Protein chains: 2
Amino acid sequence: MRLVVADCSIDYAGRLTAHLPMARRLIIVKADGTVVVHADQGHKALNWMSPPCAIAERPDGWTVTGAKGETLDIAIAEIHADIAYHLGREPGLLKTGSEAELQMLLAQQPEVIEAGARLIQREYPTDLGPVDLLLRSAADETLVVEVKRVAELAAVEQLSRYLERLDGLGSMRGILVAQTIKPQTRVLAEARGIGCVEVDFEMLAGRAVPDLTLF
Amino acid sequence: MRLVVADCSIDYAGRLTAHLPMARRLIIVKADGTVVVHADQGHKALNWMSPPCAIAERPDGWTVTGAKGETLDIAIAEIHADIAYHLGREPGLLKTGSEAELQMLLAQQPEVIEAGARLIQREYPTDLGPVDLLLRSAADETLVVEVKRVAELAAVEQLSRYLERLDGLGSMRGILVAQTIKPQTRVLAEARGIGCVEVDFEMLAGRAVPDLTLF
DNA sequence: ACGTTGAGATTGCCG
DNA sequence: CGGCAATGTCAACGT
């Protein structure tokens, strides 16, 4: 990893074009070839180029060319630091609390969605894409469940498409399950006869393994 | 901007939780208080904390606490570098080629969408949100145009909502205009009687100002 | 390889 | 301040 602090102006040309006026910035060249430009604010890079890319270095700046012909032109007025470190391999990030995990927890305890509900299948395939959860209600209806962390309008439409596609498989209801359901989303869902259930991830995760933790 | 190269393991707890095993990484503390952790691959940060946040520094590591109670725990085994630079203010990024610019160019030359079409209005307001472009066709139909850089299924749904909402304003057709229209999107659009037009940004931009450039 | 979906999404806009 | 949509989205996963 090479760290360069320099006064520079930058032009990117690819799917879009972007320009950065002259200012002092941090330029990082990573071991995998990635070039990243950071300002002193925010966690996102101002500009970058992903490998594979070629770096042509001149006294007055760099031209970085990407695989699809994108270019990152860095005009350098003055270099204030240019240092390198060896970092080694990154073991990688482990995440929990994702939508995939929420779906798994709901599959293990479908009664949280509706009393008496039993799991038929997770990721039930349709030709419009997989239905997150397919349940059987206490009254023997098919429950088509869409799981989101945050449910917005598009989730209602996605679920509506599934319901339309599965129409004819007997008595059926759609249910939107999310940690957060936005107000307008709730309105549209209810207008279409789709149920709304808000769930708490911590609570689900806590209830998921009571047999293991309580003894 | 403070740059720290250190062997560290990291735990984040917020909306989700994430863990990074011990490895050598770059930790950046920016002037605005942002803390960012980078590996030697990729342009995105492994972990970060946005300001306002509080950094508690101990010999064995840092605990960074965010405004909503999220924590970033950085356990430090060894520090290999710890240097600081003053970068100053970032003038900011200027982009061209965005969807907004595409929409503007199409408003200036609606005949690219369909021969004989004239502009009625840009950003025509409805209570479901603004219609990108409203045109009048050569045959005096109203053309409801949705502009996207990349058109996916949701764009068809969005346009369908507008068409449903505007129903009754006379003869009407929906048209999806994008630099890229995905295959399934095209299928759904045509099934609903919505037209599909792919346009090239460079070509549009080139045709937009012939009077200025050709003189 | 291609297509689809999720993201600590973030960020910016407009009401 | 909340809702909504764009992003050089990227990255992961399934067909």
Side-chain angles (χ1 to χ4, degrees), chain A residues 11-18 34 36-37 41-50 53 66-72 92-93 95-103 123 125-130 132 146-155 158 178-188 201, chain B residues 11-19 34 36-37 41-50 66-72 92-93 95-103 123 125 127-130 132 146-155 157-158 161 178-180 182-185 187 201:
Chain A
D11 283 284
Y12 169 80
R15 288 282 290 266
L16 58 68
T17 63
T34 303
V36 202
V37 180
Q41 302 102 40
H43 84 270
K44 292 181 74 171
L46 292 166
N47 275 121
W48 67 95
M49 186 69 77
S50 299
C53 60
K68 285 160 269 176
E70 329 91 278
T71 56
L72 190 64
L93 188 62
K95 294 180 183 180
T96 66
S98 63
E99 184 192 303
E101 212 174 331
L102 181 60
Q103 189 198 112
E123 298 285 347
T126 76
D127 46 7
L128 291 175
D132 287 341
E146 177 67 29
V147 179
K148 289 272 182 255
R149 237 166 18 82
V150 180
E152 302 183 14
L153 289 182
Q158 195 179 349
Q179 291 179 263
T180 309
I181 300 178
K182 299 210 173 186
Q184 292 202 7
T185 302
R186 191 179 288 271
V187 170
L188 181 64
F201 182 87
Chain B
D11 284 284
Y12 169 80
R15 289 281 291 263
L16 58 65
T17 63
H19 174 72
T34 303
V36 200
V37 180
Q41 302 101 38
H43 84 271
K44 292 179 75 171
L46 293 166
N47 276 120
W48 68 93
M49 185 69 76
S50 298
K68 286 161 269 177
E70 330 91 279
T71 56
L72 189 66
L93 188 63
K95 295 181 183 180
T96 65
S98 62
E99 186 198 306
E101 213 173 331
L102 181 61
Q103 189 200 110
E123 299 284 349
D127 47 6
L128 290 176
D132 287 341
E146 177 66 29
V147 179
K148 289 269 182 258
R149 236 169 20 85
V150 180
E152 303 183 16
L153 290 182
E157 307 281 13
Q158 193 180 351
R161 280 203 301 273
Q179 291 178 264
T180 309
K182 300 212 171 182
Q184 291 202 5
T185 303
V187 170
F201 182 85

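The figures here come from the full heavy-atom set of this structure, side chains too, leaving out hydrogens, waters and symmetry mates. Not measured: the values here are computed from a predicted model. Residue numbers begin at 1 in each chain, while the letters A, B, ... track the order of the sequences.
- The Lys95(A) side chain lies nearest to dG8(C) when the options are dT7(D), dA6(D), dG8(C).
- Contact check for Phe201(A) versus Arg15(B): no side-chain heavy atoms found under the 4.5 Å cut-off.
- Taking every side-chain heavy atom of Lys148(B) into account, dA6(D) is the closest of dA7(C), dG8(D), dA6(D).
- Closest to the side chain of Lys182(A), from the set dT11(C), dC4(D), dC10(D), is dC4(D).
- Counting non-hydrogen atoms under 4.0 angstrom, Pro183(A) reaches the backbone sugars and phosphates but no base.
- For Trp48(B), the side-chain atoms get nearest to dG8(C) when compared with the rest of dG8(C), dA6(D), dC4(D).
- Listed candidates were dG8(D), dT9(D), dC10(D). Nearest to the side chain of Met49(A) is dG8(D).
- The His43(A) side chain lies nearest to dT11(C) when the options are dA5(D), dG8(C), dT11(C).
- You'll find the side chain of Glu101(B) stays beyond 4.5 Å of the side chain of Lys95(B), heavy atoms only.
- Checking dG8(D), dT7(D), dA6(D) against the side-chain heavy atoms of Arg149(B) singles out dT7(D) as nearest.
- For the atom pair OG1 (Thr71(B)) and CE (Met49(B)), the distance works out to 6.5 Å, reported to the nearest 0.5 Å.
- Along DNA chain C, the nucleotide nearest Leu46(B) and the nucleotide nearest Pro130(A) are compared for position; the residue whose nucleotide lies closer to the 5' end is Pro130(A).
- The side chain of Leu153(A) approaches dC4(D) more closely than any other nucleotide in the set dC10(D), dG8(C), dC4(D).
- Using a 4.0 Å heavy-atom distance criterion, Thr17(B) is classed as making no nucleic acid contact.
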